[in-house]
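Down below is the structure, laid out as structure tokens.
Remember, it's 1-based here, ligands and their atoms both numbered in the order they're listed.
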Amino acid sequence: MPKLRCLVLLSGRGSNLATMITARDSGRLPLDICAVISNRRAAPGLEIARQADIPAIFVDPLSYPERQSYDRQLAQLIREWQPELILLAGFMRILGAELVNAYRSRMINLHPSLLPKYTGLDTYKRALAAGDSHYGASIHFVTPELDAGALIGQAVLAIEPGDTAEIMASRLQPVEHQLLVASLELFSRHTVELIDDMLHIDGKLHKKPLLLAADGRLISAGYFNQRS
Ligand code: GRF
């Protein structure tokens, strides 16, 4: 099976990148991680990339004072690496519309909430404060509006009595990793596109995101409705 050529943008820890490397090395995912780019020199994710012999590139925001010039530099690097898919995995910088629109259907973001709830930061605290019964992770197409592009997949967890933001984050992390692997598997096996701002898989419209099932696969949300 041809390998999905993927470029990762990150600012922090890099646990999602580490998960991708493991999935690639174990043969679970036909993946070519062509490069990792960060806006933070000290991002641990860059070191994870280096250890795995993946080109790790720091693009210093201080060298590009305006967003447009920073984005132009990113765009140039992305063009050079020619990825099929760009993953934002904790990339703490808003990208301008020109760059985002140039990679429609090909740039995706991981977010720790059940979007459209809680775009931006402090998602766990906000879910707790609202008294929500559930929380989770989303993977979605990147569009110029923050965390607002069509959803591809979600993983849903219950909020338990006594939960804190820290407990919720640590419970979500391995599930988010599963969601990422399942989503990359989807991209490697199917044509996943944003058409008219909606998710299409192999040309078929999906009005709802796919859901992460207990066996680690992504299934259509309609599946639950059919069975209940
Ligand atoms: C993830 O929780 C993701 O949802 C958010 O940033 C975090 C990145 O984690 N956007 P890591 O750097 O991959 O460990």
Side-chain angles (χ1 to χ4, degrees), residues 6-25 28-29 31 33 35-52 54 56-59 74 83 85-95 100 103 107-128 132 134-157 159 163-184 186-187 209-212 216 218:
C6 194
L7 183 146
V8 179
L9 296 179
L10 53 74
S11 303
R13 186 172 58 173
S15 69
N16 284 285
L17 171 66
T19 298
M20 289 166 71
I21 294 170
T22 304
R24 179 198 69 177
D25 293 350
R28 162 90 201 264
L29 276 183
L31 200 61
I33 309 166
V36 173
I37 300 177
S38 181
N39 61 328
R40 271 191 56 226
R41 191 193 300 275
L46 282 179
E47 190 48 35
I48 291 174
R50 282 186 210 108
Q51 295 289 331
I54 298 167
I57 305 155
F58 164 56
V59 184
L74 280 188
L85 191 68
I86 300 157
L87 170 69
L88 310 189
F91 188 61
M92 303 304 282
R93 220 188 129 87
I94 293 176
L95 297 172
V100 167
Y103 290 96
M107 191 183 275
I108 59 176
N109 180 47
L110 266 173
H111 185 78
S113 83
L114 295 175
L115 290 171
K117 277 190 167 179
Y118 316 128
T119 62
L121 299 174
D122 292 329
T123 56
Y124 307 109
K125 281 192 189 141
R126 287 154 71 197
L128 279 175
D132 291 355
H134 290 82
Y135 73 113
S138 303
I139 190 154
H140 66 94
F141 288 109
V142 177
T143 52
E145 199 185 331
L146 182 70
D147 300 329
L151 292 163
I152 300 161
Q154 287 188 318
V156 184
L157 289 180
I159 298 182
D163 265 356
T164 61
E166 291 71 27
I167 294 171
M168 289 162 72
S170 63
R171 196 161 65 235
L172 184 66
Q173 193 187 35
V175 179
E176 186 182 71
H177 292 164
Q178 278 190 307
L179 175 67
L180 173 61
V181 171
S183 304
L184 294 174
L186 186 76
F187 272 87
L210 303 184
L211 292 178
L212 186 73
L218 276 173

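- The option from Gly12, Ser38, Ser15 that lies nearest to atom 14 (O) of ligand 1, judged by heavy atoms, is Ser15.
- Between the side chain of Arg28 and the main chain of Thr22, no donor-acceptor pair closer than 3.5 Å is present.
- Take Arg93 and apply the salt bridge (Lys or Arg N to Asp or Glu O under 4.0 Å) test, not counting sequence neighbours, and it matches no residue.
- Here the protein heavy atom with the shortest distance to atom 3 (C) of ligand 1 is Glu176 OE2, 3.4 Å.
- Proximity of Asn16 to Val8: side-chain heavy atoms (C-beta onward) are nowhere separated by under 4.5 Å.
- Results of the side-chain contact (heavy atoms from CB on, under 4.5 Å) test with Arg24 over Val181, Ile54, Leu184 single out Ile54 as the only residue that passes.
- Residue, atom and distance of the protein heavy atom nearest to atom 13 (O) of ligand 1 are Asn16 ND2, 2.7 Å.
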Considering only distance and modelled atom types, tabulate donor-acceptor pairs under 3.5 Å from the side chains of residues 41-48, sequence neighbours left out.
from  : atom 1 : to    : atom 2 : distance (Å)
Glu47 : OE1    : Arg50 : NH1    : 2.8
Glu47 : OE2    : Gln51 : NE2    : 2.8

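- In terms of protein heavy atoms, atom 12 (O) of ligand 1 is closest to Gly14 N, 2.7 Å.
- For Asn109, no nitrogen or oxygen atom sits less than 3.5 Å from a nitrogen or oxygen atom of ligand 1, counting backbone and side chain alike.
- The nearest heavy-atom contact from the protein to atom 9 (O) of ligand 1 is Arg13 NH2, 3.2 Å.
- Residue contacts with ligand 1: Pro112 is included, with a non-hydrogen atom under 4.0 Å away.
- Asp132 has its side chain within reach of Tyr118: a pair of non-hydrogen atoms, C-beta onward, lies under 4.5 Å apart.
- Atoms of ligand 1 found under 4.0 Å from any heavy atom of His111, numbered from 1 in the order shown, are 4 (O).
- Of all protein heavy atoms, the one lying nearest to atom 10 (N) of ligand 1 is Leu110 O, 2.9 Å.
- A donor-acceptor pair under 3.5 Å is absent between the side-chain atoms of Ser113 and the main chain of Thr123, judged by distance alone.
- In this structure, the protein non-hydrogen atom closest to atom 7 (C) of ligand 1 is Gly90 CA, 4.2 Å.
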